[in-house]
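Data block below; observations after.
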Amino acid sequence: MVKNVHETVVEPTTKQKKSSLFKQTMKRLFTNKGAVIGLVVFLIIVFLSVFAPLIAPYGYTDMDIASRFAAPSKDHLFGCDSMGRDIFSRILYGGRYSLQIGIIASGCAAIMAVFIGSAAGYFGGKVDNALMRILDVIQAIPGMLLSIAISAVLGNGLYETIIALAIGNVSTMSRILRGSILTVRKSEYIDAAVVDNSSNLRIIRKHILPNSISPLIVQITMGCAHVILVAASLSFIGLGVQPPEPEWGAMLSAGRSYIRDYPHMTLFPGIAIMLTVLSLNLLGDGLRDALDPKQKR
Amino acid sequence: MWRYVLKRLLWMIPVVLGVTILIFTILYFVPGDPAQTILGSDATPEELQAKREELGLDDPYFVRLGRYLKDVYINFDFGRSYISNQSITQELMARFPRTLALCLASMIVAMLIGIPLGVNAAVHQGSAWDTISMVIALLGVSMPTFWVAQLLVMLFALKLGWLPPVGYQNFSNYVLPCIANAFNGLAMQARQMRSGMLEVIHSDYITTARAKGLSERKVIFRHALPNALIPVVTVAGTTFGKMLGSTVVIESVFSIPGIGGYMINGVNARDYTVVQACVIFLAIFFSIIMLLVDLMYSAIDPRIKAQYTRKRGRR
């Protein structure tokens, strides 16, 4: 009960402040040309993937032996693959895999990072030391190799890949959040909250996280881009999401044998990956500048 | 300073052991029966059981872990491949020089191009140079490494015929893989270099240096660059790790029989002792590189040295 009363009193002021800060950030974000382009391109890609069944002229498994290896034309915008499947349609459907993997994996990693990072940053001392040493060990393995090992165990498939990539990204994100919590931790308002007899959980939730989360938000965007790249690499080497699913990396892998005669099989899925990752990177750069006005000159 | 070096060296031991235990534990849960993989599907239950006992597969987890650690760190033996029954250590040693050459060459290319690109962009901030450099850098961090490799093969090997598309014997075989592998790292370095340089250029001591009447050249190269390089050194470690990961895929694109190729063969053949050995081997290699980076960092950054004489923990 007591907690509820407390919350209703505090809520309006924090909300107000938060929304104005949010508005300021958004304003800065939307004056950044790169970020706006990134956001628009990303939203277009999301739209195309979500409505793939309506937009795609063919199904992603529709085979047409007559048009095997067809070059890009009016009928087949990006041409056809070795089984006469329309590459444009497959890329639209493939976006669903890449986007799901990117968004869910980086989101899960961020949630885990919030727990690990705030435990380490807030409690400090032995907890911090123990957690950081564990992360040291995990980070001693290059991310790609860790993801290969985990997805070798879990097997191929969408959710298996998401888990493998999420685990691969936790350590970087935890470290970033911990670093930013360490600076916030020293602020006077945290001391005030401690004096106020707020519980640790409440201090973390209400005071620490809102003030230290912005580097993590930037990292989620960048992490999403990174995850999409690694997921494509995994599919390319035969792990992760595999054919006949139209994953972009798997499509590039299928195009390998025909790279000499039918380069369009290699060209278009790669462009799709590049545009998605590029838009996320542009957005991430913009977010970083918008959230940290000191950096901007 | 020497205390730092010693402490950092000793810290390597738990990290390397931790990595081995972690990878062993992850791959301990691999589904399937190695005995079945070795003997094929027509083996009798008795044969399978005998094989399992021979390999010690029925032993408890800790016994197997202990045996593996002893094999790897005391006998320097990663075991034998389930499929070919060849010594994994020998295979790793035979393949390592190719992976090493590819990684180091890519790293050098990345630094030689990335750092000047970033410096130039920062010095001419807002100019066309800056825009072009940053567009290149942005493309570099956004293109999948193996796709860059494929594009290079299409243009320089298949279309123009200047360089061989696959192989590993000659110097010319390594040109395309190096460029492909360096592109991403180069972009990361350039971006880091630019933002580091911008931060330094706007600091007071640069204004002081200019006020003293130093030439712009001197201001940039004597005063700004050394300070801006410090964060780049840290990024170099991370970049190297990423390159090590992408080498795995690059080796597969160019059919270079390095450790990455070995690992992918292992994954495809479900030969998990090979996968395990490759990941652990590359992780140890990466730890050594990170150690060198940290030592270099402490050597060039006087703040670390000072921090350490005041006796404070790592990082």
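The sequence lines fix the lettering, A, B, ..., with proteins before strands; numbering per chain opens at 1. For the numbers below, each heavy atom of this structure counts, side chains included, while hydrogens, waters and symmetry mates do not.
- The residue among A:Ala152, A:Gly255, A:Gly34, A:Pro269 with the most heavy atom pairs within less than 4.5 Å of chain B is A:Ala152.
- B:Leu138 touches chain A through backbone and side chain together, each having a heavy atom under 4.5 Å away.
- Residue A:Ala225 does not touch chain B at all, counting heavy-atom pairs closer than 4.5 Å.
- For A:Phe236 against B:Ser252, the heavy-atom pair with the smallest separation is CE2-OG, 4.5 Å.
- If you measure heavy-atom distances from A:Leu275 to chain B, you find no contacts under 4.5 Å at all.
- Contact of A:Ile228 with chain B is not made at all, since no heavy-atom distance falls under 4.5 Å.
- The shortest side-chain heavy-atom distance between B:Ser195 and A:Arg288 does not fall under the 4.5 Å cut-off.
- Of all non-hydrogen atoms in B:Val15 and A:Ala140, the two that sit nearest each other are CG1-CB, 3.6 Å.
- Interface remark: of the candidates B:Ile289, B:Val153, B:Ile264, B:Ile264 forms the most heavy-atom pairs closer than 4.5 Å to chain A.
- Neither the backbone nor the side chain of B:Phe285 comes within less than 4.5 Å of any heavy atom of chain A.
- Counting only heavy atoms from C-beta outward, the side chains of A:Val153 and B:Leu27 approach each other to under 4.5 Å.
- When heavy atoms are compared at a cutoff of 4.5 Å, B:Met143 approaches chain A by way of both its backbone and its side chain.
- Around the CZ atom of B:Phe29, the shell of radius 6.0 Å holds no more than 12 heavy atoms that belong to other residues, nucleotides or ligands.
- Residue A:Asp285 touches chain B through its side chain alone, counting heavy-atom pairs closer than 4.5 Å.
- Looking at B:Val253, both its backbone and its side chain come within 4.5 Å of chain A, counting heavy atoms on both sides.
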side-chain contact (heavy atoms from CB on, under 4.5 Å) assessment of A:Ile141 paired with B:Val279: CA-CA 8 Å; A:Ile141 309 167; B:Val279 177; 4.0 Å; yes

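- Only the side chain of B:Val248 comes within contact range of chain A, with heavy atoms under 4.5 Å apart.
- The shortest heavy-atom contact between B:Ser142 and A:Leu229 is O-CD2, 3.8 Å.
- In this structure a side-chain-to-backbone donor-acceptor pair under 3.5 Å is missing from B:Trp147 to A:Gly249.
- Heavy atoms closer than 4.5 Å to chain A are found in the side chain of B:Phe146, but not in its backbone.
- Ranked by heavy-atom pairs shorter than 4.5 Å toward chain B, the options A:Thr172, A:Ile134, A:Ile271 are led by A:Ile271.
- Using a 4.5 Å heavy-atom threshold, the side chains of B:Trp11 and A:Asp136 count as touching.
- When side chains are defined from C-beta on, A:Met144 does not count as touching B:Lys242, because their heavy atoms never get closer than 4.5 Å.
- Residue B:Gly18 comes nearest to A:Val137 through the heavy atom pair C-CG1, 3.4 Å, listed as atom of the first residue, atom of the second, then distance.
- Across A:Ile273, A:Ile259, A:Leu239, the residue that shares the most heavy-atom pairs under 4.5 angstrom with chain B is A:Ile259.
- The contact between B:Leu22 and chain A is made entirely by side chain atoms (from C-beta outward), counting heavy-atom distances below 4.5 Å.
- The line from CE of B:Met154 to CZ of A:Arg260 is 12.5 Å long, rounded to the nearest 0.5 Å.
- Under the side chain to side chain donor-acceptor pair (under 3.5 Å) criterion, the residue pairs touching residues 228-241 of chain A are A:Ser235-A:Glu247, with sequence neighbours excluded.
- Heavy atoms closer than 4.5 Å to chain A are found in the side chain of B:Ile23, but not in its backbone.
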Would you sort out whether B:Val141 and A:Met222 count as a side-chain contact (heavy atoms from CB on, under 4.5 Å), showing the intermediate values? CA-CA 10 Å; B:Val141 290; A:Met222 302 287 203; over 6 Å; no

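- Here the CG-CD1 distance, from B:Leu282 to A:Ile148, works out to 9.5 Å after rounding to the nearest 0.5 Å.
- Other residues, nucleotides and ligands contribute more than 12 heavy atoms inside 6.0 Å of the CZ atom of B:Arg64.
- With respect to chain B, the highest number of heavy-atom pairs below 4.5 Å among A:Ile150, A:Thr276, A:Leu154, A:Leu267 belongs to A:Leu267.
- If you measure heavy-atom distances from B:Met243 to chain A, you find no contacts under 4.5 Å at all.
- Heavy atoms closer than 4.5 Å to chain A are found nowhere in B:Ile21, neither backbone nor side chain.
- Around atom CZ of A:Phe123, more than 12 heavy atoms belonging to other residues, nucleotides or ligands sit under 6.0 Å away.
- Looking at A:Leu146, only its side chain comes within 4.5 Å of chain B, counting heavy atoms on both sides.
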